[in-house]
Amino acid sequence: MSQFPIIAVTGATGHLGRHVVQALLDKGVPAGNIVALVRDPARASEFAAQGVQVRQADYAQPESLSAALAGVERVLLISGTDMQNRVEQHRNVIGAAKDAGVKLIAYTSILNADTTAMLLAADHQATEAALRESGVPYTLLRNGWYVENYTGNLAQTLPHGVLVGAGGSGQLTPAPRRDYAEAAATVLTEGGHDNATYELGGDTPVTLAQLADEISRQTGQPYAYVNQSVPEYTATLTGLGLPAGAAAMFADSDAGIARGELSTASGDLRRLIGRPTTPLPDAVAASLPR
Ligand SMILES: NC(=O)c1ccc[n+]([C@@H]2O[C@H](COP(=O)([O-])OP(=O)(O)OC[C@H]3O[C@@H](n4cnc5c(N)ncnc54)[C@H](OP(=O)(O)O)[C@@H]3O)[C@@H](O)[C@H]2O)c1
């Protein structure tokens, strides 16, 4: 019998979820002990080819969750993307996990969820409360920003030569998704993380201007940070075609950066992954087109 529990990962076909499944395999978890919960199994063929269990589940459909979580001992709930309904959706997952007898729910929350004033944090705060009320042991993985938020669409942004934002000279501690995924895999495979809260971020704080400079240095192309007020940046984003609500949310998040709310000196990420977090130059290099 395997020394590892049966571990489910929701959102497994997402960017973070794919890294988590890989990190579990890298830790030696047998593929058959990993359950990938996906909306569309057709997008999970490489998991099935590796022997990972693929089960269909939608956060909005409680009956699909109950079936998908049968026999699961630990689950990573990756926060959803439906900004209107995700607290209810997360509650569906927590309820189904409780009914299935799951022994640990790890949840991808937001950095500094206790103290941040960012609008984006409200759903995470409500989900954290639902976890505490559930009576199921939980682990709060309060993720900071992904480096990929700034490197994931360089093909579109680099030709403009500017990174626009409203973060001022605030510092943030981003890390690549891979680091956060490894931290999640640690919590899911080790014991001793029941009801723990981790404030996760990279080891070295940077400003958005420093981030843009690093991208410029590595690409050899002009790329500079341009700061705007929150209303100006909101208008910039709507001008680029973002819906008003999403634009307001992004601009508000940058205001959080300006206040230092996406920065941590906790060291929790490096402790969970057992190494220094990926340095920004390496994270930028890894995300550039080869
Ligand atoms: N820390 C940060 O910088 C940051 C940045 C952006 C987002 N986030 C949050 O972190 C999460 C993971 O990030 P990511 O980059 O992996 O995002 P992503 O690639 O968009 O992945 C989101 C995953 O959630 C799944 N999902 C959404 N709604 C669902 C539903 N109703 N039922 C089942 N699955 C559902 C998606 O399923 P499909 O594969 O079927 O689409 C996808 O696999 C995001 O969802 C968001 O909450 C964090």
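For ligands, and for the atoms within them, numbers begin at 1 and follow the listed sequence.
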Of the protein's non-hydrogen atoms, which lies at the shortest distance from [atom], and what is that distance?
{"atom": "atom 16 (O) of ligand 1", "result": "Leu16 N, 2.7 Å"}
{"atom": "atom 19 (O) of ligand 1", "result": "His15 ND1, 2.7 Å"}
{"atom": "atom 42 (C) of ligand 1", "result": "Gly14 CA, 3.8 Å"}
{"atom": "atom 1 (N) of ligand 1", "result": "Gly144 O, 2.9 Å"}
{"atom": "atom 27 (C) of ligand 1", "result": "Thr81 OG1, 3.3 Å"}
{"atom": "atom 23 (C) of ligand 1", "result": "Gly11 CA, 4.0 Å"}
{"atom": "atom 32 (N) of ligand 1", "result": "Tyr59 N, 2.8 Å"}
{"atom": "atom 9 (C) of ligand 1", "result": "Ser79 OG, 3.6 Å"}

For the 3.5 Å polar cut-off, considering only N or O atoms, please tell me whether [X] and ligand 1 meet it.
{"X": "Ile78", "result": "no"}
{"X": "Ala12", "result": "no"}
{"X": "Thr13", "result": "yes"}

Side chain proximity check, Ile78 to Val9, heavy atoms < 4.5 angstrom: yes
Among Arg177, Met83, Arg43, Arg39, whose heavy atom sits nearest atom 26 (N) of ligand 1?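 It is Arg39 that holds the nearest heavy atom.
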Going by the closest heavy atom to atom 7 (C) of ligand 1, which one wins out of Tyr180, Tyr146, Tyr150?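 Heavy atom nearest to atom 7 (C) of ligand 1 belongs to Tyr146.
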Answer yes when [X] and [Y] have at least one side-chain N-carboxylate O distance shorter than 4.0 Å, and no when they do not.
{"X": "Arg271", "Y": "Asp268", "answer": "yes"}
{"X": "Arg178", "Y": "Asp282", "answer": "no"}
{"X": "Glu73", "Y": "Lys103", "answer": "no"}

Which atom names give the shortest non-hydrogen contact between Ala44 and Thr13, and what distance separates them? CB-CG2, 4.1 Å
Strictly under 4.0 Å, does any heavy atom of [X] approach an atom of ligand 1?
{"X": "Thr108", "answer": "no"}
{"X": "Asp40", "answer": "no"}
{"X": "Asp58", "answer": "yes"}

Are Ile105 and Val87 connected in the hydrophobic side-chain network, where two residues link if heavy atoms are under 4.5 Å apart?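 No; Val87 is not reachable from Ile105 via cluster members.
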Tyr233 reachable from Ile257 in the ILVMFWY side-chain graph, under 4.5 Å edges: no
Give the contacting part of Pro174 toward ligand 1: side chain, backbone, both or neither, where contact means a heavy-atom distance below 4.0 Å.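 Neither; no heavy atom under 4.0 Å.
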Checking Ile110 against Met118 for the side-chain contact (heavy atoms from CB on, under 4.5 Å) test, could you report, in this order, the C-alpha distance in whole Å, the side-chain angles of both residues, the deciding distance, and whether it holds? CA-CA 10 Å; Ile110 192 166; Met118 282 168 54; 3.8 Å; yes
Would His193 and Tyr198 count as a side-chain hydrogen bond (donor to acceptor under 3.5 Å, both in side chains) here? Give the steps. CA-CA 10 Å; His193 300 282; Tyr198 297 111; 2.7 Å; yes
Please report whether the ring centroid of Tyr146 lies less than 6.0 Å from that of His15.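 His15 vs Tyr146: aromatic centres not under 6.0 Å.
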Backbone of Ala68 reached by a side-chain donor or acceptor of Arg55 within 3.5 Å: yes
Out of all atoms in ligand 1, which are within 4.0 Å of some heavy atom of Arg86? Include the element for each.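 In order of numbering, the contacting atoms are 47 (O).
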For ligand 1, which atoms have a heavy atom of Ala57 less than 4.0 angstrom away?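 Per the distance check, 33 (C).
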Both conditions, 6.0 Å and 45 degrees, for the charged tip of Arg91 above the ring of Tyr59: are they met here?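 The answer is no, since Arg91 fails at least one limit relative to Tyr59.
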